[in-house]
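All remarks here apply to the structure that follows.
Values reported hereafter were calculated over all heavy atoms of this structure, with side chains retained and with hydrogens, waters and symmetry mates removed. Every chain is numbered from 1 and lettered A, B, ... according to where its sequence line falls, protein lines coming before strand lines.
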Amino acid sequence: MLEIEDLCVRFRRHRAPMLTVLEHLDLAAPSGAVTGLCGASGAGKSLIAAAIAGTLPRNAEATGRITVGGKIPAPQTVALAPQGLDALDPLARIGTQLARFARLGGTSVDAPDLLSRLGLAPRVLDAWPHELSGGMARRACLATALATSARWLIADEPTSGLDAASADRIMALMADLAAEGYGIIVISHDLPRLSSVSRTVTVLEAGRPVETAPGKAFSGDGAALAHPFSRRLWQAQEVGASC
Amino acid sequence: MKGWLVPLLYDRAVRLLWLVPLASVGLFTLVSLAPIDPVQAYVGARVALVGPEQREAIAAVWGLDAPAHERFLVWAGNALSGDLGDSITFNAPVTQVIADRFPASLTLVGAAFLFSFAAGTALGLIAAATRGRWPDRIIRGVAVVLAASPGFWIALLLIAIFAVGLGLLPACCAAPPGLTAAEVGLADRLQHLVLPVVAVSVVGISPLILHTRQRLVAFLDSPAGSHLAAHGAGRVWLAFGPGLRHALGPALTVHLAGAGELFGGSVLAETVFAWPGLGQATVQAALGADAPLLMGIALATLLFVFIGNLLADVAARVLDPRLRPEARHD
């Protein structure tokens, strides 16, 4: 179980009070399941990923506790697949990059096997990042995180910028990885796809969690949702998904 | 796999085909407009012994009585058949003078090229890996001071300190004076190489330091760099591992493309250190209004710079796959 207790992120500002961008987030993510985090743009979603991975900007301050199995996680316990595809090194072949992340994780990696689990052909090992399509690059980015052999994975907006079919495949992949025993936290604004694979989805409004609901609650007109903001967000998504 | 190399070489060969005639016309115009009279420069101190008739005779032998465009056509015709004419100052064929002196210059410029690349990139990498701390501050300070210092002044300073003050290294020439080539050992040659190489390198080192540092800092700050850092990569590992290609690619391109500057620096250094290379010959040719030798050296330099730029293009494409045109059409 990966647990987040009372996570707050604040930004120091020049001659101004601290700017709080994330308040009192509690999250419990079991392994073997997908846990969703959703909110509109600017709700502080990516900051949660950065806080867990320890890549917050220098002027940010995080308080609260993040534990894995009740303990402070050792380095390399949680891997992060960042939002931008520029997280892939443009001057290294995919195979080289996977080997780097495996080395950082202190293991070796069966790269062709890893790629095939992600639905990528072995020839991708010899490809440069600029030769990959958006969907392939997204999978390669996930592959770098998985190559560290961490059992916890945070995927930040794994479907952004992808067409519907590719986005469906990536979300299905998240569910597959969870079924393999990984603990997966998916941060996404793509609520219909996120809720279809997540055990629970935590909804954020302007840096404040408003509701944690089961994935199944996001259906129909959202009557199963408790908070009006979650309902509005879900209804807005429904319109967006149908057009 | 190297599908981009042949088109690139073809493209550059075509460029050379129009560049050489254009440069020749430009150079010849400049040389014939120079205010130095070659006969006067040749006669020099013997001015009282040489009468006007003799001067005209010398000018006629050298073909100086013909108008400039006719002289150019004669020169171009001979150049096409491989004859670059005779040097007035050295009284020998231009190709001979260049062939005799090119090895000395190549040793100097080549050694300076390697030394400045090794020193410049190493210091740049260290600076970036220790950004904001004292090694970075010192290296940046040195780079800025070097960038602002004229090469000839550094050369004089080196002579004053290491040759005159400390007496550690020779102040001039490629070998001890008074010995024949057979008597000069390798140790002597290397000893004579040190100060000129350092003096020529100064031109190239500081841009390399600052360039390498900047490129590596950009990589460390990039999403790719922070993705690696988030999974435990340290700064030094990033700098000398994944970051190396990001930093060295542009550095090598800048350095190769700047080969012409090294050559220019060698003109000054060869003069200060009395180094018997092409740079020294250039100065003598210019003072003697030695048009054939100046043309020959200028064309040799043009080829040198052209090859440097070509290698820069090739190196950039080898190191950064995104620059290869075949990849862009994919």
Side-chain angles (χ1 to χ4, degrees), chain A residues 46 49-58 73-94 96-107 126-133 136-137 140-150 152-154 156, chain B residues 1-4 121 125 128 131-133 211-212 214-254 314-330:
Chain A
S46 291
I52 299 172
T55 55
L56 281 172
R58 271 191 206 163
Q76 320 301 328
T77 309
V78 183
L80 170 69
Q83 176 173 0
L85 294 179
D86 46 7
L88 294 171
D89 181 351
L91 299 186
R93 293 178 196 272
I94 300 299
T96 311
Q97 303 200 35
L98 294 181
R100 276 180 198 161
F101 278 90
R103 205 183 132 182
L104 289 173
T107 59
D126 288 327
W128 303 95
H130 70 268
E131 295 171 331
L132 302 180
S133 69
M136 289 163 87
C141 203
L142 287 166
T144 59
L146 293 175
T148 61
S149 76
W152 294 91
L153 176 69
I154 306 170
D156 190 2
Chain B
M1 184 185 148
K2 293 272 187 289
W4 49 270
T121 52
L125 291 175
R131 178 164 40 142
R133 302 209 304 272
H211 224 84
T212 310
Q214 193 51 42
R215 289 300 180 134
L216 186 55
V217 163
F219 171 72
L220 294 176
D221 286 348
S222 75
S226 48
H227 184 34
L228 283 158
H231 293 87
R235 282 182 95 73
V236 175
W237 185 79
L238 278 174
F240 290 90
L244 207 54
R245 194 163 180 161
H246 289 263
L248 289 195
L252 189 58
T253 307
V254 165
V314 173
R317 283 162 179 73
V318 167
L319 289 167
D320 190 341
R322 291 169 297 178
L323 295 175
R324 299 170 200 166
E326 61 177 357
R328 266 186 259 147
H329 297 309
D330 254 359

Relative to the ring of A:Phe101, is the ring of B:His231 parallel (under 30°), tilted (30 to 60°) or perpendicular (over 60°)? perpendicular
Cut-off 4.5 Å, heavy atoms of chain B, and the answer for A:Ala92 is neither
Applying a strict 4.5 Å limit to non-hydrogen atoms, the region of A:Leu88 in contact with chain B is backbone
Looking only at A:Asp89, A:Thr96, A:Leu91, A:Thr144, the option with the highest number of non-hydrogen pairs under 4.5 Å against chain B is A:Leu91
The salt bridge (charged side-chain N to carboxylate O under 4.0 Å, His left out) partners of B:Arg131 (sequence neighbours excluded) come to B:Asp221
Those residues of residues 235-242 of chain B that come under 4.5 Å of chain A on a heavy-atom basis, listed by number, are B:Trp237, B:Pro242
**Q.** Neighbour count >12 (heavy atoms, 6.0 Å) for atom CZ, A:Arg103
**A.** no
In this structure, CZ of A:Arg100 is separated from NE2 of B:His227 (nearest 0.5 Å) by 11.0 Å
All heavy atoms of A:Pro90 vs all of B:Pro321, minimum pair found to be O-CG, 4.2 Å
